[in-house]
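Handing you a structure now.
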Amino acid sequence: LAGKVASDLYQNSHAIDYYTRALVFTSPEDLSTQYDLRAERVKLYNRLADRVSQLEDLDSLENLAQRLNDNTRLAKMLMGRAVYHYLMGSYADAIDDAAQAETLSDSMADSDLEILAQTTWFLALMRLGRLEEAMQRAQNTLRRVRQANNQRGEARVLNGMGMLALEQREPGAAQQYLVEALRIARSIKARGLEHRALNNLAMSEGDVHGDYAVAREYYQQAYNIAREIGDRNAEGVALGNLGFAAGMQGDLVAAQEYHQRSLAVARETGNRYHETYTLINLSAVTGIQNNAALALQFALEAAEIARRAGELSGEAWAMLYMGHAYTLMHEFEQARAAYRKSIEIRDALGQPSLSMEPRAGLVEVALKMEDPQSALPEAKRILDYLVSGGTLDGTDEPLRVYYSCYLFLKKQQDPHARQILQAAIQLLEAQVSKFKDEHARKMYIENVPWRLAIRQAKQNLTMD
């Protein structure tokens, strides 16, 4: 009972100590109580991201469930292990465990643990790039939790669906899911779920609306909650997201500090997915700072982890920044190979907007090689996409895409160069208008080369 109270107050280490002491008093023949105490303790190890202890308790739960010949307890263990595998980046294993649990868990079909396992299942499908299958499973799960009037489960599923909709480039649906998830989480005072909703809403504000000032505020709120509830994994994710938002604002010193702290937590907690994206973001920041060797090292590490996990989107991002690093080093053939691999993955995932950045990278390389003819097909592909109403939603640096196309058209003495430059200027000014003070506006432009170049091109245009 003391362990339960401490857990509810997020006094995680105290709660683990109480449960461990309770186990000492448990009879060796009382397998049921041993199971129940370890089941509570494994949740706390997960919260603290103590993966070694978490896996040890999961293995003990499997042994106890088998000795008890209890399929319900075995299903609970499998659900917990699905979450463990997901957080470790073993997405196929997470799906296997969730599927096995489903066949054993008729008696707990609408329990919180079952809903967590189902959410883990569709998020693992998302990480593997199986987006339509993931959304179908998510919608089925949402119907079930609503029929059961399980508000905690509903908030959890809506959070996951928001992430999935963002991955599918459906920002309107994502916003709707996430706002509702946040409302429910706050109404039932579920701090962990509130953290996730804030984190995902921040992602939506940044990736979709480009408002990184608002995103950073959301991320800070999410970080504060993670610290409050002692969720080490969530804390690491929030630090990484704060770093990403700071980097997009041009606050490169803060961005690198956040990312280095986040990387340490990701490695401490064994969160391979988050380690991948933190390395990608470190590659982006160090690349902007012209540290090409370090940017390449980070991108290579990220690509290797993503490949081992089968995380296609992460590999595509890593290859994009690998291309940028090779371009800085004037290793142009390696840059082309990296960009083409990123495009190949984006095309396979059905993400045309995200393929525009590596295509722009190919344009940039061709121009640096004084070979504008080889830039022609990629530049035409980007321009046709934009003219037909395509957006650059979800891209890290849409302004870099516009600037590469502008340079190509200018080199070709194409009159459309002015039109593309005007579009870039409008986007830059829209972003700058979101900052509250002159220092922030100056940092946003002057710390990032292509933004500064667009401003200079605007001044030259005015002079002409």
Just wondering, do F122 and M135 contact through their side chains at under 4.5 Å, heavy atoms? no
Does this structure show an ion pair linking E301 with R267, if we count only N-O contacts that are shorter than 4.0 Å? yes
Check the side chains of E102 and Q118 for a donor-acceptor pair under 3.5 angstrom, ignoring hydrogens and angles. yes
Is it true that a side-chain atom of T276 and a backbone atom of G314 form a donor plus acceptor pair closer than 3.5 Å? no
Using the side chain to side chain contact (heavy atoms under 4.5 Å, CB included) rule, pick out the option among S53, S7, S13 that qualifies with L44. S7
Crowding at CD, E438 (>12 non-hydrogen neighbours, <6.0 Å): yes
Taking NZ, NE, NH1 and NH2 as the nitrogens, is one of them in D347 or R359 under 4.0 Å from a carboxylate oxygen of the other? yes
Pairing donors with acceptors under 3.5 angstrom, does anything connect the side chains of R127 and Y86? yes
Pairwise distance CZ(F244) to CG(N281) - rounded to 0.5 angstrom: 6.0 Å
Would you say the rings of Y339 and H324 are close, in the sense that their centroids are separated by under 6.0 Å? yes
Measuring only between side-chain heavy atoms, which start at C-beta, is E446 closer than 4.5 Å to R455? yes
If we count only N and O atoms by modelled type, under 3.5 Å, do the side chains of N159 and Y177 hold a donor and an acceptor together? no
Axial cation check for Y35 ring with R73, 6.0 Å and 45° limits: yes
Heavy-atom side-chain contact between L131 and L349 under 4.5 Å: no
Check E217 with K434, please: is the shortest side-chain N to carboxylate O separation under 4.0 Å? no
Looking at R81 and D97, is there a salt bridge between them, counting it only when a charged N and a carboxylate O are closer than 4.0 Å? yes
Hey, are the side chains of L182 and L193 touching, using non-hydrogen atoms and a 4.5 Å cut-off? no
Option from Y277, Y273, W317, Y91 for which side chain to side chain donor-acceptor pair (under 3.5 Å) with E311 holds: Y277
Answer yes or no: is there a donor N or O on one side and an acceptor on the other, between the side chain of S404 and the main chain of R400, under 3.5 Å? yes
Tell me if a side-chain donor or acceptor on D93 pairs with a main-chain N or O of H85 at a distance below 3.5 Å. no
Treating S353 as the side-chain partner and D393 as the backbone partner, does any N or O pair qualify as donor plus acceptor under 3.5 Å? yes
Cation over ring, R51 on Y84, under 6.0 Å and within 45°? no
Is the number of heavy atoms from other residues, nucleotides or ligands within 6.0 Å of CD (Q176) greater than 12? no
Could you check whether R346 and S313, counting side-chain N and O atoms only, form a donor-acceptor pair closer than 3.5 Å? yes
Does a side-chain N-to-carboxylate-O contact under 4.0 Å join D437 and R441? no
Do the side chains of R451 and E397 get close enough for a salt bridge, i.e. N-O under 4.0 angstrom? yes
